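Notes follow once the structure below has been shown.
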Protein chains: 2
Amino acid sequence: MSDIELNDKKIQILEVAEKLFSEKGFEGTSIRDISKEAKINIAMVSYYFGSKERLLEALIFYKTVDLKLQLENLLNENLEPLEKVNKLIEIYVNRICLNKGIYRVLHFELYNKKREKSLKAFTELKKGNLKSVESIIKQGQDQGVFRKDITIPLITPTIIGTFFHFHMNRSFFEELLDLKTEEMFNNYIKNDLTKHIQQTIKALLVYEN
Amino acid sequence: MSDIELNDKKIQILEVAEKLFSEKGFEGTSIRDISKEAKINIAMVSYYFGSKERLLEALIFYKTVDLKLQLENLLNENLEPLEKVNKLIEIYVNRICLNKGIYRVLHFELYNKKREKSLKAFTELKKGNLKSVESIIKQGQDQGVFRKDITIPLITPTIIGTFFHFHMNRSFFEELLDLKTEEMFNNYIKNDLTKHIQQTIKALLVYEN
DNA sequence: GTTTAAATTAAACAAGTGTTTAATTTTGCA
DNA sequence: TGCAAAATTAAACACTTGTTTAATTTAAAC
């Protein structure tokens, strides 16, 4: 069976792996954990993916392959620069929200470790994202809507970092903001948190001293 | 030996543990790894801390105990609101920079895991931090310098999240911004990144529509 | 229905895990 | 110097880890 081709069983394993990796980390999750949750034999992971390490690689590829496309589509839409930025933020928040687990895995299993193949794919993804952001912001600068003394590569850290930090401290904010149900938490992200990020980036981009 | 009392050997173990936990994660680091790096016998960790889990608890306490104090001191300083916010950002960046490893451990080993004792200590720390931030910003609002339609609890995620995301993608930004040495990287954080965060928060706080 | 490849299984493998034990060495104090 | 407490050690403990093996079942093609 090909490395890329994904049948139902492979996908099922990947979904379970994402869930467990994000909950307990890569090292903290055993193949037996995955097998149990996915209701398959322990040998099937090696059979399908070769090793636990290659399972992680497959997972990263599987979960990041279409983000690039989504951003490139945004570029070609006919929108005002600020609207584009707001939509960009929505895409980021939405995506990380949907793929809850994988971003935690990406950032924490690829940091300071020798997973060259996975790391390279992740780096390429980030480069592509940055190009899209640059393009959008330069459009706004050319139109005289955005100020020019901003460091564009630091915009993404502010967008994703704010969301990520909020998400990583989920239980703290659940208690603080009295978000009792999963639905309330997700609604807060979709409305208030997204708005806060949009407000922040807008202030940063159009502020005049 | 008391739980709290820290002799040289205990501290040596904690320092090594922080380094390895931050590099390889809690589960990814074995007691034998720690022993080897700290040049002690494997039994010494259990002897001093009781267990690997309790070692983590001790580490978190050891590394967070004085941040609270630092923030409370800032409150009483005689500074303009905006200056206080800028200094707050400097304190955060500086602290996380100095304690490189522990924040990664805090956010990723306490997320979705049942480490109640450690989690509680961390939550208390965050509550205290939030109180300091609230107090500073309300001061600025009372003086009419800061706008009032902002969500204060989301300020910290933006500050720490931006820095954290930058740090978690270190190798990406090293390549992108051509930061060849450790010194250049640290200087970029101290100057450009800190300035970006300060610029962002300032824009958010004083922007008038 | 037979055949061939793919899928699935239980069992075993060696290596690594956190922790405990019991013996030995070092230390500090009378 | 002598002695009790603390520190340190090597060895063993039971358990979990990722991976492989070889046998069996299922599926598809002819």
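Note on naming: letters A, B, ... go to the chains in the order of the sequence lines (proteins, then strands), and numbering restarts at 1 for each one. Since the structure is predicted, the reported quantities are computational estimates derived from the model, not experimental observations.
- Two residues are said to be in side-chain contact when any heavy atoms from C-beta on lie closer than 4.5 Å; A/F185 and A/H167 meet this criterion.
- The separation between B/E53 atom CD and C/dT17 atom P is 17 Å, rounded to whole Å.
- Residue-level contact check: A/T29 touches the backbone only, with heavy atoms under 4.0 Å from sugar-phosphate atoms and none from bases.
- In this structure, B/N41 does not reach the D/dA7 phosphate: none of its side-chain N or O atoms is under 4.0 Å from OP1 or OP2.
- Aromatic ring orientation, B/H165 versus B/F173: perpendicular (interplanar angle above 60°, classes split at 30° and 60°).
- Applying the 3.5 Å distance criterion, the base of D/dG18 shares a donor-acceptor pair with the side chain of A/R32.
- OP1 and OP2 of D/dT17 both lie 4.0 Å or more from every side-chain N or O belonging to A/K52.
- By the 4.5 Å heavy-atom criterion applied to side chains, A/E18 and A/N99 are counted as neighbours.
- With salt bridges taken as basic N to acidic carboxylate O contacts below 4.0 Å, none links A/E124 and A/K131.
- Separating the CD1 atom of B/I40 from the P atom of C/dT25 is a distance of 20 Å, rounded to the nearest angstrom.
- Residue B/Y48 has a polar side-chain atom (N or O) positioned under 4.0 Å from OP1 or OP2 of D/dT8.
- In this entry the distance linking CD1 of B/I34 with P of C/dT19 reads 10 Å, nearest Å.
- With distances taken from any side-chain atom of B/I42 to the nucleotides C/dT9, D/dA11, D/dT8, the minimum falls on D/dA11.
- Atom CZ in B/F49 sits roughly 16 Å away from atom C1' in C/dT19 (whole-Å rounding).
- For the pair B/Y47 and D/dA7, the criterion of a side-chain N or O lying under 4.0 Å from OP1 or OP2 is met.
- Whole-Å rounding puts the A/M44 CE to D/dT26 P distance at 14 Å.
- A close approach under 4.0 Å does occur between a side-chain nitrogen or oxygen of B/S30 and OP1 or OP2 of C/dT17.
- With contacts defined as side-chain heavy-atom distances shorter than 4.5 Å, the pair A/L204/B/L204 does not qualify.
- Rounded to whole angstrom, the span from the CD1 atom of B/I31 across to the P atom of D/dC15 amounts to 18 Å.
- Rounded to whole Å, atom P of C/dG18 lies 13 Å from atom CG of B/L56.
- Taking atom CD1 of residue A/I13 and atom C1' of nucleotide C/dA7, one finds them 12 Å apart after rounding to whole Å.
- Residue-to-nucleotide proximity on DNA chain D shows that, of A/G28 and A/S46, the 5′-proximal contact is made by A/G28.
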